[in-house]
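Scroll down for the structure; my scribbles are underneath it.
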Amino acid sequence: MAKLLVEKSGPLKGTVKIKGAKNSVLKLMAASILADDSCTIESVPELLDVEVMATLLESLGLKVDYNRETEVIETYPAEDLKCEAPYDLIQKMRASFLVLGPLLAKKGIAKVSMPGGCAIGARPIDLHLKGFQALGAEVTLGHGYIEAKAEHGLVGSEIYLDFPSVGATENIMMAATMAKGQTLIQNAAKEPEIIDLANFLNEMGANVKGAGTDTIRINGVTSLKGAKHQTIPDRIIAATYMVAAAITKGDITIENVVSSHVKPVTAKLREMGVTVEDEDDRIRVYTDGPLKAVDVTTLPYPGFPTDAQAQFMALLAISEGTSVISETVFENRFRHVAEINRMGANVKIEGHSAVIQGVESLQGAQVKATDLRAGAALVLAGLVAEGITEIDEIYHIDRGYPQIEKDIVSLGGKIKRVEI
Ligand code: UD1
């Protein structure tokens, strides 16, 4: 067990380089189940979630070589691929449910425990299952497990998603790569991580078109080969450091970022009076003036990311005026409000919105990370709060931020990890 101690720091200044995206790399790893040869995934961030996925792949029979220094993962196909993913691994991380699609495609049968992960809403899996059923799988639920079976193989089909779910789009896309004929996923998610996965699948020999639009067309192939792929940069970590520059009235240059991936964050910061200079793969964020309140609505990509909502709330908590954050992606993603209010913020929840009355300053307090991004938000708040902020349950933060203390210290922030 460890906690983070964050001390009020001056303006954060300097350059920070973003690592590969967690939300991409986990899916790339799951996709490697489909390959008949070895796969190489580059720019793999050192994270708890990556370790969980590596262990899961190994439990299915794949061999996984993870070089943390070079940030490269190599996977080797299983001699005897298992089709069952156990509870103890799946409950640790929701993304592990993404092995179902590839297992079903490759083995014609998969049994996967119902998923766990960050407690940010009910997070059902109905859309994943509807997709598999549309592809001809027989899906049964029982004893906490989901079994999907397609003894004679999957068959391409037309699937309309009621909501552009990231996970459902990815799971169905992977399952459909080896289905007979054509699959159309309509109202598909358009996140950059979807495009990254589609590119990897195509490098493996799949035929996926339209990723990044709301219609993805997949023409099934009979087998997939190994491939080498570099993971895209983590847009949410980039957004977190953009907020760090604004909240501390600092000047941070972010390298290895795709600036178009963080457009909604850039737009909101500019609306608040923050200067954002963006080139293709580098962004500089700086400000020394007062910050204006703004309203934010989270939406599927290219809307404002729900994964940057908590961090933005920390910023709005000390901005001038009243802001409203409307959360439309997850119904219960305001658990950080109680924690940030413990630090002196004035945030009230009204249904699916949070009304934030800006205050002049925050105070350090004992708080806990209620989920991954909520934890990052508390780090940001701690950097500007009077005194010391003690953050508990930081394993959430370790799931998604490979080096948050190192990055923040390198920018002049005061943060340290203590074992308890
Ligand atoms: C992914 C990201 C997560 C991000 C989220 C939204 C990973 C590992 N995680 O999560 O960080 O916050 O996208 O950008 O990539 N839903 C259903 N039925 C389903 C599936 C989803 O109703 O079968 C609902 C969810 O409850 C939620 C919404 O759809 O309200 C969005 O979920 P989804 O896009 O699937 O998120 P994840 O893939 O779980």
Side-chain angles (χ1 to χ4, degrees), residues 20-31 45 47-50 52-53 56 90 92-101 112 114-134 139 141 146 148 159-175 185 187-197 214 231-232 234-237 239-240 261-262 264-265 297-312 326-336 352 370-377 396-397 399-401:
K22 166 183 89 82
N23 284 355
S24 213
V25 87
L26 298 174
K27 326 307 170 55
L28 301 174
M29 290 173 75
L47 293 170
L48 271 181
D49 278 10
V50 171
V52 173
M53 186 56 94
L56 176 56
I90 301 284
K92 283 192 182 150
M93 175 180 81
R94 183 175 162 89
S96 44
F97 189 64
L98 272 288
V99 299
L100 208 158
V112 176
M114 304 269 268
C118 269
I120 50 172
R123 302 185 89 175
I125 42 165
D126 56 319
L127 299 173
H128 299 237
L129 302 186
K130 272 189 204 161
F132 298 139
Q133 280 166 330
V139 177
L141 274 72
I146 290 149
I159 298 156
Y160 176 85
L161 297 178
D162 296 332
F163 185 89
S165 153
V166 175
T169 303
E170 293 165 334
N171 227 344
I172 298 166
M173 187 162 84
M174 288 190 280
I185 309 177
N187 199 27
K190 296 185 274 200
E191 270 68 3
E193 292 76 19
I194 306 275
I195 303 177
D196 206 30
L197 176 60
D214 56 15
T231 317
I232 55 167
D234 196 309
R235 64 194 166 98
I236 303 302
I237 297 185
T240 304
H261 290 174
V262 288
V265 177
T297 300
T298 67
L299 286 167
Y301 190 86
F304 190 94
T306 173
D307 282 351
Q309 181 254 103
Q311 301 89 312
F312 232 75
S326 303
E327 174 58 64
T328 77
V329 180
F330 289 108
E331 80 283 3
N332 181 23
R333 204 174 193 174
F334 284 135
R335 290 178 65 206
H336 44 281
H352 292 296
T370 50
D371 70 52
L372 164 54
R373 309 302 171 186
H396 285 297
I397 302 177
R399 291 190 42 219
Y401 289 82

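Any value given below was found using the heavy atoms of this structure, including those in side chains, with hydrogens, waters and symmetry copies removed. Along the sequence shown, residues are numbered consecutively beginning with 1. Indexing begins at 1, ligand by ligand and atom by atom, following the structure's order.
In summary, the atoms of ligand 1 found under 4.0 Å from a heavy atom of Gly167, numbered by their order in the structure, are 35 (O), 38 (O). Within the listing of ligand 1, atoms 6 (C), 12 (O), 14 (O) sit less than 4.0 angstrom from a heavy atom of Thr306. Close approach to Val329 involves these atoms of ligand 1, each under 4.0 Å from a residue heavy atom: 27 (C), 28 (C), 30 (O), 31 (C). For ligand 1, the atoms sitting less than 4.0 Å from at least one non-hydrogen atom of Asp126 are 17 (C), 18 (N), 19 (C), 22 (O), 23 (O), numbered in the order shown with element in parentheses. Against a heavy-atom cut-off of under 4.0 Å, Phe163 is close to the following atoms of ligand 1: 28 (C), 29 (O), 31 (C).
With sequence neighbours excluded, the residues satisfying ring-ring contact (aromatic ring centres under 6.0 Å, His included) with Phe97 are His128. Checked against ring-ring contact (aromatic ring centres under 6.0 Å, His included), Phe132 has no partners two or more places apart in sequence or in another chain.
A donor and an acceptor atom, one from each side chain of Gln309 and His336, are located under 3.5 Å apart. Side-chain polar atoms of Gln311 and Thr240 form a donor-acceptor pair below 3.5 angstrom.
Looking at Lys22 and Asp307, no side-chain N of the basic residue comes within less than 4.0 Å of a carboxylate O on the acidic one, giving no salt bridge.
Residue nearest to atom 1 (C) of ligand 1, selected from Thr328, Val166, Val25: Val166 (by heavy-atom distance). Summarising the contacts of atom 17 (C) of ligand 1 with Ala95, Pro124, Ser165, Ala308, the nearest heavy atom is found in Pro124.
Looking at ligand 1, you'll find an N or O of Asp307 within less than 3.5 Å of one of its N or O atoms.
Between the CG atom of Leu197 and the OG1 atom of Thr231 there is a distance of 11.0 Å, given to the nearest 0.5 Å. Note: Tyr160 OH to Leu127 CG = 10.5 Å, rounded to the nearest 0.5 Å.
For Leu127, heavy-atom contacts with ligand 1 shorter than 4.0 Å involve the backbone as well as the side chain. By the criterion of a heavy-atom distance under 4.0 Å, neither the backbone nor the side chain of Glu193 is placed next to ligand 1. Under 4.0 angstrom from ligand 1, the non-hydrogen atoms of Lys27 all belong to its side chain. Contacts between Arg333 and ligand 1, counted as non-hydrogen atom pairs separated by less than 4.0 Å, involve the side chain only.
Between the Glu327 side chain and the Phe330 main chain, a donor and an acceptor come within less than 3.5 Å of each other.
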